[in-house]
Amino acid sequence: MRKLGRGKLEGIVRLCGPFVDERLSALETGIDVFRRRRNLQEQLQGPLRGAWLAVRTPRVGDGAAARLLLFSSPHQLVPVDAPLTRLAVRLGLVTPVDNIRRLSRSVRRAFSAALPRDHAALRRAIVYLGHHAQNTCVEFDPHCTICPLVAACPEGSRRAAEQAGH
């Protein structure tokens with residue numbers, strides 16, 4: 001990816017949606033991690049603890065580390081970030097709590113239990129749910145009228161009832 005050049009990489013990232021600068025920064029961070037650690041691929045294929053320690057750096061947070069491991073190793077981790085947490089709360093999979101670590105752990109457990117065990121299917125589900133959380137189940141004024149998950153979503157059902165009542 002480093003050989004693509006920033007212009008070409010930026011064009012590709014723009015196709016993924018908003019937050020281009022943040023996405024490019026995250027990609028560049030990941031590229032740097034792989035470039036600095038020549039044996040990283042071997043570490044990623046090994047035990048989870050060693051793989052986690054290999055990718056978790058001050059510049060790579062827990063969500064990014066889990067995402068990196070999900071897509072570049074045999075480890076089946078659910079990467080938890082703010083949009084996925086919002087989706088889990090709205091779907092009623094977790095109860096919101098003040099402690100962010102406890103909430104993240106609850107979100108990871110809930111999605112791990114609900115999503116497929118097959119690694120390829122899990123990857124596809126995470127990509128779909130992330131896209132859904134970023135584009136449909138947005139933070140303000142979510143698009144519940146077009147949501148394919150609204151029938152199983154307490155928040156979406158509540159919003160639909162409110163709209164029908166007005």
Side-chain angles (χ1 to χ4, degrees), residues 1-91 93-139 148-149:
M1 289 175 68
R2 186 56 125 188
K3 294 178 184 178
L4 281 177
R6 184 161 176 99
K8 193 163 193 171
L9 189 58
E10 186 174 330
I12 294 167
V13 170
R14 284 195 185 284
L15 297 173
C16 297
F19 312 110
V20 173
D21 291 335
E22 291 86 352
R23 291 173 193 262
L24 281 171
S25 176
L27 272 173
E28 289 169 348
T29 299
I31 291 167
D32 286 343
V33 168
F34 275 92
R35 196 179 73 225
R36 285 189 204 143
R37 299 181 137 180
R38 299 287 181 202
N39 66 339
L40 183 58
Q41 189 59 38
E42 293 170 19
Q43 290 175 314
L44 295 179
Q45 302 307 312
L48 177 58
R49 178 154 175 74
W52 181 261
L53 293 174
V55 297
R56 184 64 179 84
T57 68
R59 291 183 64 196
V60 179
D62 288 350
R67 186 170 283 102
L68 201 150
L69 288 174
L70 175 65
F71 288 98
S72 65
S73 78
H75 305 293
Q76 296 188 11
L77 298 176
V78 174
V80 177
D81 55 13
L84 198 62
T85 299
R86 179 179 59 246
L87 182 63
V89 169
R90 286 184 177 162
L91 286 171
L93 297 175
V94 297
T95 304
V97 294
D98 290 337
N99 184 309
I100 192 69
R101 287 206 181 276
R102 194 175 319 141
L103 180 59
S104 293
R105 195 170 28 249
S106 296
V107 170
R108 186 171 292 110
R109 284 182 186 146
F111 277 121
S112 293
L115 295 176
R117 298 269 185 245
D118 175 68
H119 201 151
L122 177 62
R123 287 175 178 169
R124 286 191 304 272
I126 291 298
V127 168
Y128 173 79
L129 291 171
H131 183 268
H132 180 80
Q134 293 263 350
N135 296 292
T136 305
C137 195
V138 295
E139 188 169 2
L149 304 175

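From a predicted model like this one, the values you see are computed outputs, not experimental measurements.
Listed by chain and number, the residues in a side chain to side chain contact (heavy atoms under 4.5 Å, CB included) with Ala65 are Trp52, Val55, Arg56, Val60 (sequence neighbours excluded). Listed by chain and number, the residues in a side chain to side chain contact (heavy atoms under 4.5 Å, CB included) with Leu115 are Phe111, Leu122, Ala125, Ile126, Leu129 (sequence neighbours excluded). Residues that satisfy the salt bridge (Lys or Arg N to Asp or Glu O under 4.0 Å) test with Arg101, not counting sequence neighbours, are Asp62. Evaluation of the side chain to side chain contact (heavy atoms under 4.5 Å, CB included) rule for Ala82 yields no partner, not counting sequence neighbours. Legend: residues meeting side-chain hydrogen bond (donor to acceptor under 3.5 Å, both in side chains) with Glu10, ordered by chain and number and at least two apart, are Arg14. Looking at residues two or more places apart in sequence or on another chain, you find a ring-ring contact (aromatic ring centres under 6.0 Å, His included) between His132 and Tyr128. Under the ring-ring contact (aromatic ring centres under 6.0 Å, His included) criterion, Phe19 pairs with no residue, sequence neighbours left out. Under the rule for a side chain to side chain contact (heavy atoms under 4.5 Å, CB included), the partners of His131 that lie at least two apart in sequence or sit in another chain are Asn135.
Here the closest heavy-atom approach between residue His75 and residue Gly46 is recorded as NE2-O, 2.8 Å. When all heavy atoms of Arg117 and Ser112 are compared, the closest pair comes out as NH1-O, 3.1 Å. For the residue pair Ala66 and Pro79, the shortest heavy atom distance occurs at CB-CA, 3.7 Å. Considering every non-hydrogen atom in both Pro74 and Gln45, the closest pair reads CD-OE1, 3.2 Å.
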#### Entry: Evaluation steps, side-chain contact (heavy atoms from CB on, under 4.5 Å), between Leu77 and Phe71
CA-CA 9 Å; Leu77 298 176; Phe71 288 98; over 6 Å; no

When the side chains of residues 102-109 are checked against the rest of the protein, which donor-acceptor pairs come out under 3.5 Å, sequence neighbours left out?
| residue | atom | partner | partner atom | Å |
| --- | --- | --- | --- | --- |
| Ser104 | OG | Ile100 | O | 3.0 |
| Ser106 | OG | Arg102 | O | 3.0 |
| Arg108 | NE | Val78 | O | 3.3 |

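The environment of CD in Glu42 is sparse: at most 12 heavy-atom neighbours from other residues, nucleotides or ligands sit within 6.0 Å.
Pairs of residues two or more places apart, or lying in two chains, that qualify as salt bridge (charged side-chain N to carboxylate O under 4.0 Å, His left out) and include a residue from residues 64-82 are Arg67-Asp81. The side-chain hydrogen bond (donor to acceptor under 3.5 Å, both in side chains) pairs that include a residue from residues 16-26 number zero, where partners must be two or more places apart or lie in different chains.
Atom CG of Leu68 is separated from atom CG of Leu44 by 6.5 Å, given to the nearest 0.5 angstrom. We find the OG-CD distance between Ser73 and Gln41 to be 8.5 Å, quoted to the nearest 0.5 Å.
Under the side-chain contact (heavy atoms from CB on, under 4.5 Å) rule, Thr85 has a single partner from Val94, Val80, Leu93, which is Val80.
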